[in-house]
Amino acid sequence: MLDAPHPKTNSSKPQQEMISGAFLRNAWYVAAWSDEVGDERLVARTIMNEPIVLYRKADGAVAAIEDRCAHRFAPLSMGKIVGGDRIQCPYHGLEFDGSGACLHNPHGTKNIPSRARVKSYPAVEKHNAVWLWLGSAPADAAKIPDFSVLDNVPELHTTKRDSIVIKANYQLIIDNLLDLSHTSYLHEGILGNADTVESDITAEQDGDDVIVGRHATNSKPPGMFAPFWPDHPPRVDKFTRMRWMAPSSLRLFTGICTMGAEPETGTGYHAVHLLTPENERSTHYFFTAVRWGVKTAEDKLNRDLQTRIAEMRRFAFEEQDAPVIEAQQRIIESALEPLDPVILAVDVGCVRYKRVLGRMLEAENL
Ligand code: FES
Ligand SMILES: [Fe+2]
């Protein structure tokens with residue numbers, strides 16, 4: 001396939017500029033999987049350079065407040081939950097509730113200074129995740145990206161809700177996820193193989209969402225999918241459809257089917273990729289997968305597959321994607337002059353999403 005001409009769009013902005021720390025603040029970001037928060041635990045997360053602590057209140061709702069005491073800036077996440085709803089600072093014992101208000105000062109007259117408060121953030125639990133809003137516009141829960149594929153599915157068909165931190169800008173990870181051609185190289189044998197290089201690539205836009213599809217026909221089933229279908233044909237069609245939802249949520253529909261058949265008649269999984277910038281050079285990466293078109297009935301086999309998919313994906317992201325992406329980050333930021341990437345045909349989705357995200361960032365910063 002011929003490489004696309006270099007598009008004259010803001011996608012051709014020098015690479016350093018694209019990773020220099022532009023964050024869309026008026027958006028929902030995943031701070032944790034729901035089951036990470038609870039049991040009196042204080043979960044510390046830095047999101048877009050803001051230190052935040054999450055905890056579950058006595059009524060079961062999740063609270064998210066600034067993880068920096070108003071007194072001498074000790075991290076509240078090193079303290080403890082008292083009275084069901086308040087965090088006691090580990091240093092001198094000021095107590096803050098889920099709204100960020102200080103409700104108790106154990107010292108002197110016990111008077112609470114008016115400046116003794118910390119920020120609080122709107123938090124919503126949806127699709128088994130805790131979503132936070134850090135923007136100045138009103139938080140609208142209807143704007144949480146659609147991950148209903150995670151809701152009401154048999155536990156055996158869902159993989160571990162997992163996460164890693166990648167020491168790179170979130171946009172380099174979106175680039176990786178929207179360019180599915182890399183599976184044939186970086187994940188050869190597990191998520192792709194030489195047969196899947198020559199695929200038809202499509203890119204479309206659905207409102208502000210960007211969807212990149214790849215369809216490889218007459219392919220040996222990649223190692224990940226073969227066991228999903230015990231009597232699979234020797235050659236199959238392999239397909240992937242990745243949807244990017246601004247600013248950094250991605251949902252993949254992927255699998256294999258009989259050659260020439262409709263993809264939906266096959267088997268595969270929905271993969272969920274949720275990226276939350278920690279800072280300009282580091283990103284929380286939450287992931288899980290849900291099987292569809294399940295062709296294996298036995299619980300034991302399904303349990304084995306559940307573990308295997310989770311382990312294989314974690315291996316692919318942590319041992320194969322992350323080292324290359326982190327190395328890219330180091331190379332890009334240490335370049336002595338502006339870098340302008342060559343654009344290949346496989347970058348069609350990246351060009352599109354950068355255009356949409358660029359427009360949103362500009363609108364937010366007007
Ligand atoms: S630093 Fe928190 S009470 Fe002193
Ligand atoms: Fe990858």
Side-chain angles (χ1 to χ4, degrees), residues 23-145 147 161 163 247-249 274-279 282 284 286 364-365:
F23 300 132
L24 198 70
R25 297 185 62 84
N26 289 316
W28 291 98
Y29 290 94
V30 168
W33 290 115
S34 283
D35 49 17
E36 290 178 78
V37 189
D39 298 334
E40 308 268 299
R41 248 172 305 161
L42 295 171
V43 179
R45 286 284 135 85
T46 299
I47 299 179
M48 296 187 283
N49 290 309
E50 298 197 29
I52 297 171
V53 55
L54 308 169
Y55 67 103
R56 203 173 281 283
K57 296 186 294 186
D59 66 0
V62 173
I65 62 173
E66 188 178 358
D67 191 14
R68 181 168 46 210
C69 179
H71 176 221
R72 297 263 191 87
F73 315 129
L76 297 175
S77 56
M78 291 175 79
K80 61 181 179 203
I81 298 177
V82 292
D85 274 350
R86 300 194 298 274
I87 303 185
Q88 184 184 71
C89 179
Y91 210 179
H92 314 95
L94 287 185
E95 293 177 14
F96 298 88
D97 72 3
S99 73
C102 178
L103 297 187
H104 181 62
N105 169 13
H107 306 286
T109 61
K110 303 193 181 347
N111 179 39
I112 297 173
S114 60
R115 290 198 307 115
R117 62 170 304 114
V118 295
K119 264 195 230 173
S120 75
Y121 302 88
V124 172
E125 274 188 284
K126 202 169 178 191
H127 311 314
N128 297 311
V130 178
W131 302 78
L132 298 192
W133 183 272
L134 277 66
S136 52
D140 176 0
K143 290 189 177 145
I144 292 177
F147 283 95
R161 289 181 277 276
S163 65
S248 49
S249 299
L274 302 159
L275 305 172
T276 301
E278 182 170 40
N279 57 44
S282 181
H284 299 286
F286 299 91
E364 190 173 280
N365 293 311

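Applying the ring pair (Phe, Tyr, Trp, His ring centres under 6.0 Å) test to residues at least two apart or on different chains, none of the pairs has a partner in residues 45-67. Identified under the salt bridge (Lys or Arg N to Asp or Glu O under 4.0 Å) test for residues 98-123, with sequence neighbours left out: E50-K119. Residues in residues 72-85 take part in no salt bridge (Lys or Arg N to Asp or Glu O under 4.0 Å) pair, two or more places apart or across chains.
One distance of note links CG of N365 with CG of L24; it measures 8.5 Å at 0.5 Å rounding. The CD1 atom of I47 lies 6.0 Å from the CG atom of L134; values are rounded to the nearest 0.5 Å. In this structure, L274 CG and S248 OG are separated by 8.0 Å, a value rounded to the nearest 0.5 Å. Annotation: the span from T109 atom OG1 to H107 atom NE2 amounts to 11.5 Å, rounded to 0.5 Å. Atoms CD1 and CZ, on I81 and R86 in that order, are 11.5 Å from each other to the nearest 0.5 Å. To the nearest 0.5 Å, atom CZ of residue F23 and atom OH of residue Y29 are 8.0 Å apart.
Proximity of a side-chain donor or acceptor of T276 to a complementary backbone N or O of V30 within less than 3.5 Å is detected. Proximity of a side-chain donor or acceptor of N105 to a complementary backbone N or O of I112 within less than 3.5 Å is not detected. In terms of modelled atom types and a separation under 3.5 Å, the side chain of E364 and the main chain of R25 share a donor-acceptor contact.
Residue F286 comes nearest to S163 through the heavy atom pair CD2-CB, 3.5 Å, listed as atom of the first residue, atom of the second, then distance. The two residues G79 and L42 make their nearest non-hydrogen contact at O-CD1, 3.2 Å. Taking every heavy atom of both residues into account, I65 and Y121 meet most closely at C-CE1, 4.0 Å. Minimum heavy-atom separation, A123 to A64: CB-CB, 4.4 Å. When all heavy atoms are compared, the tightest approach of A137 to N26 is N-OD1, 2.9 Å.
A heavy-atom distance below 4.5 Å is not found between the side chains of Y91 and C69. Between S120 and F96, every side-chain heavy-atom pair lies at or beyond the 4.5 Å cut-off.
Every residue was checked against the ring-ring contact (aromatic ring centres under 6.0 Å, His included) condition with H104, not counting sequence neighbours, and none meets it. Scored by the side-chain contact (heavy atoms from CB on, under 4.5 Å) test, P75 finds D67, S77, M78 as partners (sequence neighbours excluded). Scanning for side-chain hydrogen bond (donor to acceptor under 3.5 Å, both in side chains) contacts around N279 gives an empty result, with sequence neighbours left out. Residues passing the ring-ring contact (aromatic ring centres under 6.0 Å, His included) test with W28 are W133, sequence neighbours excluded. The side-chain hydrogen bond (donor to acceptor under 3.5 Å, both in side chains) search around E66 returns R68, not counting sequence neighbours. H71 is linked by a ring-ring contact (aromatic ring centres under 6.0 Å, His included) to H92, counting only residues two or more places apart in sequence or in another chain. T46 meets the side-chain hydrogen bond (donor to acceptor under 3.5 Å, both in side chains) test with no other residue; sequence neighbours excluded. With sequence neighbours excluded, the residues forming a salt bridge (charged side-chain N to carboxylate O under 4.0 Å, His left out) with D35 are R161, listed by chain and number. Partners of V43 by side-chain contact (heavy atoms from CB on, under 4.5 Å), not counting sequence neighbours, listed by chain and number: V37, R45, L54.
For D39, the CG atom sits in a loose shell: 12 or fewer heavy atoms of surrounding residues, nucleotides or ligands are nearer than 6.0 Å. Surrounding NZ of K143 are at most 12 heavy atoms belonging to other residues, nucleotides or ligands under 6.0 Å away.
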